[in-house]
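This structure is a prediction, so every number in the text was calculated from the model and none was measured. Order of the sequence lines fixes the chain letters, A, B, ..., with proteins taken first and strands second; residue numbering starts at 1 for each chain.
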Amino acid sequence: MKASLSIKGIQDGLLVSIPEGNWDEARPAFLELIDEQTDFFRGARLALQLEQRTLGAAELGSLRDALSEREVNLWAVLSTSEVTKTAAADLGLAQYLTKSTSGADEDVPFETVLYGDEAVLIEKTLRSGNSIRHPGHVVILGDINPGAEVIAGGNVMVWGRLRGMVHAGAAGDESSKVYALDLSPTQLRIAGQIAVSPSRRGRPKPEVAQIREGQLVAEEWQNKRRR
Amino acid sequence: MSAKIITITSGKGGVGKTTATANLGASLADLGYRVVCIDADIGLRNLDVVMGLENRIVYDLVDVVEGHCKLRQAMIRDKHLNDLFLIPAAQTRDKTAVSPQDMVRISDELRQECDWILIDSPAGIERGFRNALAPADVVLVITNPEVSAVRDADRIIGLIEAEEKGPGKLILNRVKPEMVRRGDMLATEDILDVLAIDLIGVIPEDETILISTNRGMAASLDSKSIAGKAYRNIARRLNGEEVPFETLQGRDGFFGRISRLVRAGGVR
């Protein structure tokens, strides 16, 4: 079976959910994903969502070692299985995220608090040589100059000129988008797709780049409802 | 006296740091100030050659740092201007012979001796650049109208900001107005658009620079040199004067000027 893994940016790094199924298939599939995206995962803090899967201390320990060989730090394992919980505790891994992901938190004062992917706001122009990596979304108020790069697990929004390199959905999320007031990157990547921008056609306008039918396309960024 | 310290840097090599240092030094000295130029390019010194002082070197910057001589002994007086001095780099050592702290210490000592200190930075972003940047009050970033030089200037400006030395001011060197007009060269506005820092001067391509460099006398002392005039204007701007920017357009007549105005004011 080939159920897909899901990767989400959270406050404490990345949360990876491994689907049900044979562990002997899920484990290599997961490690292969990391090997394909070494740039994105290197140095990441990772929490694992295992649901009711039962894993012993030996299996968890060997996974943690395999991850640390790839410079990925496994710090938490979430599970409903008592066996897995005990194994995680024995290895000194956390069994909860700092914020409850179940949503059963009774003391949340406002109903409007949203739990979703974390975003980071950068209020400056990124110059050549600057590099921003974030597991969630990235919002930049400024330009991205040629030679600068942004690698994000989610969407990237640039309130300025995008002339450098941006990789959105770097962990493989094909629904990620890149927004810019002037979208003229040296190179643009979304998940596994790579594109270079066509040469400038007239006056710059806000654009959004996304994957449509397996193709990375850029189109005018506007409110659909106004049409 | 308390001197103002100006570091001239570029990232990319060969865009005119050393020439700019020599010409600005001569221009400021010509305005009546006492100026010391320091060559921070240890191992690849050039400023002494451009200033025509190569054969007068006895002590150098590394000798001062290591205490082999007094600061005054390493200051070589210029042949043409009485108030212009050079502290040359050592040729037989490398960048690690001097630390950023050494540069700050020497510059602070020099502050009492003069009005302006100009530091010629080596190319690159390593130790030598950090040495040149450490004591700076003002950083002048010099670039040429070509993509690779602008890219490196952008990187350098980022590093200057990271060291909290302000964004710096830009000198655009070797501009050929004819080529800009034909669209074969990056226009000043396009470069300022990317770099987003203040422009302090535009130096036209001028063969008197090459002639004067080979002769060891600054072009800014030659009243007929147009590049020399541009350097004199930068010196006056550094000194706080409001000097209008030179028109580099050459002979382009009425319609050329109109189309330029439209381009500058209209669509970005």
Side-chain angles (χ1 to χ4, degrees), chain A residues 39 120-134 138-152 156-167 178-188 196-207 218 220-222, chain B residues 9-13 15 121 123-127 129-130 133 139 141-170 172 183-187 189-199 262-268:
Chain A
D39 260 10
V120 65
L121 175 71
I122 294 154
E123 283 184 275
K124 66 169 207 166
T125 286
L126 301 182
R127 294 185 182 276
S128 177
N130 290 151
S131 171
I132 301 284
R133 282 151 195 269
H134 183 70
V138 177
V139 178
I140 292 170
L141 302 183
D143 298 345
I144 301 178
N145 280 355
E149 61 174 25
V150 173
I151 297 169
V156 177
M157 184 175 139
V158 186
W159 195 261
R161 289 182 286 253
L162 200 184
R163 290 169 168 167
M165 200 284 281
V166 166
H167 191 175
V178 178
Y179 305 85
L181 294 187
D182 177 0
L183 188 75
S184 31
T186 29
Q187 199 187 80
L188 193 69
V196 293
S197 46
S199 48
R200 155 85 41 244
R201 342 137 286 261
R203 168 178 194 169
K205 50 180 177 263
E207 284 183 301
E220 208 170 322
W221 174 14
Q222 58 181 354
Chain B
T9 189
S10 69
K12 188 174 183 296
V15 295
S121 158
I125 54 174
E126 294 85 15
R127 178 69 168 270
F129 162 70
R130 307 220 170 254
L133 187 62
V139 184
V141 177
I142 185 161
T143 192
N144 291 353
E146 51 177 89
V147 271
S148 56
V150 173
R151 182 76 60 92
D152 288 0
D154 190 45
R155 177 101 167 96
I156 281 287
I157 294 165
L159 295 172
I160 295 165
E161 283 171 348
E163 294 283 325
E164 297 183 343
K165 293 287 185 183
K169 292 186 189 313
L170 187 73
L172 192 53
D184 292 336
M185 203 177 229
L186 293 175
E189 303 92 72
D190 296 340
I191 294 166
L192 290 175
D193 220 32
V194 170
L195 299 181
I197 62 171
D198 290 340
L199 187 69
V262 171
R263 253 194 305 154
V267 248
R268 192 197 62 88

Look only at the side chain of Asp143(A) and the backbone of Val194(B), and say whether a donor-acceptor pair between them is shorter than 3.5 Å. no

Do other residues, nucleotides or ligands put more than 12 heavy atoms under 6.0 Å from Lys169(B) NZ? no

Just checking heavy atoms, which of residues 150-163 of chain B are less than 4.5 Å from chain A? Arg151(B), Asp154(B), Arg155(B), Ile157(B), Gly158(B), Glu161(B)

Show the nearest heavy-atom pair for residues Asp193(B) and Arg163(A), with the distance to one decimal. OD2-NH2, 3.7 Å

